[in-house]
**Student:** 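Have a look at the structure that comes next, please.
Every value quoted in this text rests on a predicted model; they were computed, and no experiment measured them.
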Amino acid sequence: MQKSNSNVDSPVSATTGEPQKPLNEMIVRENSGLEKVRKGVSYRQRQLVEERANTVQSNTSRKAFSWHPPTEILSEVFLYCLPQDEYLCPTPQAAPLLLTTICRRWREVAVGLPSLWCRLQMKAEHDNWEKRALCYNLWLKRSGGCPLSLRLECHTNWSELQSLLQPYIQQISSLKLDFFACDGPFMMEGLHALKELTIHKYGFDPKSTIDRSLSNLPLNLRRLDMTSLLYSRKDLYFVTDSAWARLTHVEINVNGLDTFPRILHLCPNLSSVVMIGILDPIQTPEPVTHVNLQSLRMSGDVFLSSAGALGLFDVLTLPNLRVVEARNIGPWPHEEFKAFLMRSGCPLESLIFGNAVHSTDRQREEYVALIPTLKLIVEPDSNFDMHEFLEDLGSEVDSTDQPQEDYVTLVPSFEFIIEPDSNFDIHQFLL
């Protein structure tokens, strides 16, 4: 009598010697696991997860495949189950922790897939630190040496988080630090793999604490985002000439355009800048030449910034500039910018006027005449004037008793309701 070597047909496993559960039970459990994961993902991901989950389910007629779908397929499904958030919270209701609760096989695949465990949000608070630390450490161990993208939220001091991260410090490539109420700075020593750093400040955390964290950046750091902080030229005196020298991309919130030449001086290798904030005109017109900057994007505040010439393009020479994007500037400094283009001789490829940047057709034609290959983009609201809008709004919403009586005369059954703040003048309030 010929013996069968099939693990599926035999009631006893040929590899473990243990009795096997019925095949139908295995299939039901596999499919119920897929259904549980479906419910745990967002609507945005569901279509992608469905496609891959259906690939597994469509093969249920192939018994061996249904019982043990290949690790490659499970791994692909698992990756598409991850939330779309930039950083993941360790919650059992969402992947990747959810995937470890379905069955032993799924747990083995999920725990052994390092790319599931490379993003994490961590908190340092007064309560339950031991429990959270145990969870964080287990998560980080599963990353298996892969590059880590972390968000650290501090409500006490950084020492506990930094101590926990010490074994994984060479894996951290992207880091976001949220300062809530920190007793001291975050020390950057040893973060040799760090490429991207974002700093956020909340509440009344001392700015000096953050300044100390930024005073000695890792050697390989290339991108720095400080848009939640407000810096003037004087505020950046704490930075030495060499501390930021290797940065290639900076995002910053400025208090006055005098800050920008200081940034160019501190960052000779800078290739792109995003600058938001109060774009008051240059007060210290010192000429600056920067040969590496290729992209300049700036957005001001039409309420807080001073109107008129910026003075910024009078002091800049940027021979390799390729992209300029401006938003919420008000009147565009046409003559100043045209002289800058001629002086720099830059190969400008794209000029974008976004919301609340006032320019004329004739001015834009002059730019194209200077650079025939220039791609000029004017968004629909680029000439929107907020101050003029508020003036019109203030005059239009103001009402008198006579117009109200006219409405009632026309429609006797008309119920006219005037709320207490109907004559509130928003423009006068803002001014």
**Student:** Applying side chain to side chain donor-acceptor pair (under 3.5 Å), name anything that partners Thr248, two or more places apart in sequence or on another chain.
**Tutor:**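 Not a single residue meets the side chain to side chain donor-acceptor pair (under 3.5 Å) criterion with Thr248.
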**Student:** Hey, are Asn328 and Asn355 close enough side-chain-wise for a donor-acceptor pair under 3.5 Å?
**Tutor:**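 The criterion, which ignores hydrogens and geometry beyond distance, is satisfied for Asn328 and Asn355.
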**Student:** Would Leu152 and Gln162 satisfy side-chain contact (heavy atoms from CB on, under 4.5 Å), going step by step from the backbone distance to the final call?
**Tutor:** CA-CA 10 Å; Leu152 311 183; Gln162 292 202 262; over 6 Å; no
**Student:** Verify salt bridge (charged side-chain N to carboxylate O under 4.0 Å, His left out) between Glu286 and Arg262, making sure each step is shown before the conclusion.
**Tutor:** CA-CA 10 Å; Glu286 301 174 1; Arg262 172 66 177 162; over 6 Å; no
**Student:** Run Thr284 and Asp258 through side-chain hydrogen bond (donor to acceptor under 3.5 Å, both in side chains) and show every step you take.
**Tutor:** CA-CA 7 Å; Thr284 54; Asp258 279 312; 2.9 Å; yes
**Student:** Ring pair (Phe, Tyr, Trp, His ring centres under 6.0 Å) with His290: which residues, sequence neighbours excluded?
**Tutor:**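 Scan of His290 (ring pair (Phe, Tyr, Trp, His ring centres under 6.0 Å), adjacent residues dropped) gives none.
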**Student:** Going by the ring-ring contact (aromatic ring centres under 6.0 Å, His included) test, which pairs reach into residues 135-170, not counting sequence neighbours?
**Tutor:** Trp117-Trp139, His155-Phe180, Trp158-Phe179, Trp158-Phe186
**Student:** Asp178: what forms a salt bridge (charged side-chain N to carboxylate O under 4.0 Å, His left out) with it, not counting sequence neighbours?
**Tutor:**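 Expected list: Arg151.
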**Student:** List, one per line, each side-chain donor-acceptor pair under 3.5 Å for residues 340-352, sequence neighbours excluded.
**Tutor:**
residue, atom, partner, partner atom, Å
Arg343, NE, Leu316, O, 3.3
Arg343, NE, Thr317, OG1, 3.3
Arg343, NH2, Phe313, O, 2.5
Arg343, NH2, Leu316, O, 2.7
Ser344, OG, Leu318, N, 3.0
Ser344, OG, Phe340, O, 3.1

**Student:** Mind checking whether His334 and Tyr367 have ring centres under 6.0 Å apart?
**Tutor:** yes
**Student:** Give me each pair satisfying salt bridge (Lys or Arg N to Asp or Glu O under 4.0 Å) with a member in residues 366-378, each pair once, sequence neighbours excluded.
**Tutor:** Lys338-Glu366
**Student:** Could you report the tightest heavy-atom contact between Ala110 and Leu99, atom names first, then the distance?
**Tutor:** CB-CB, 4.1 Å
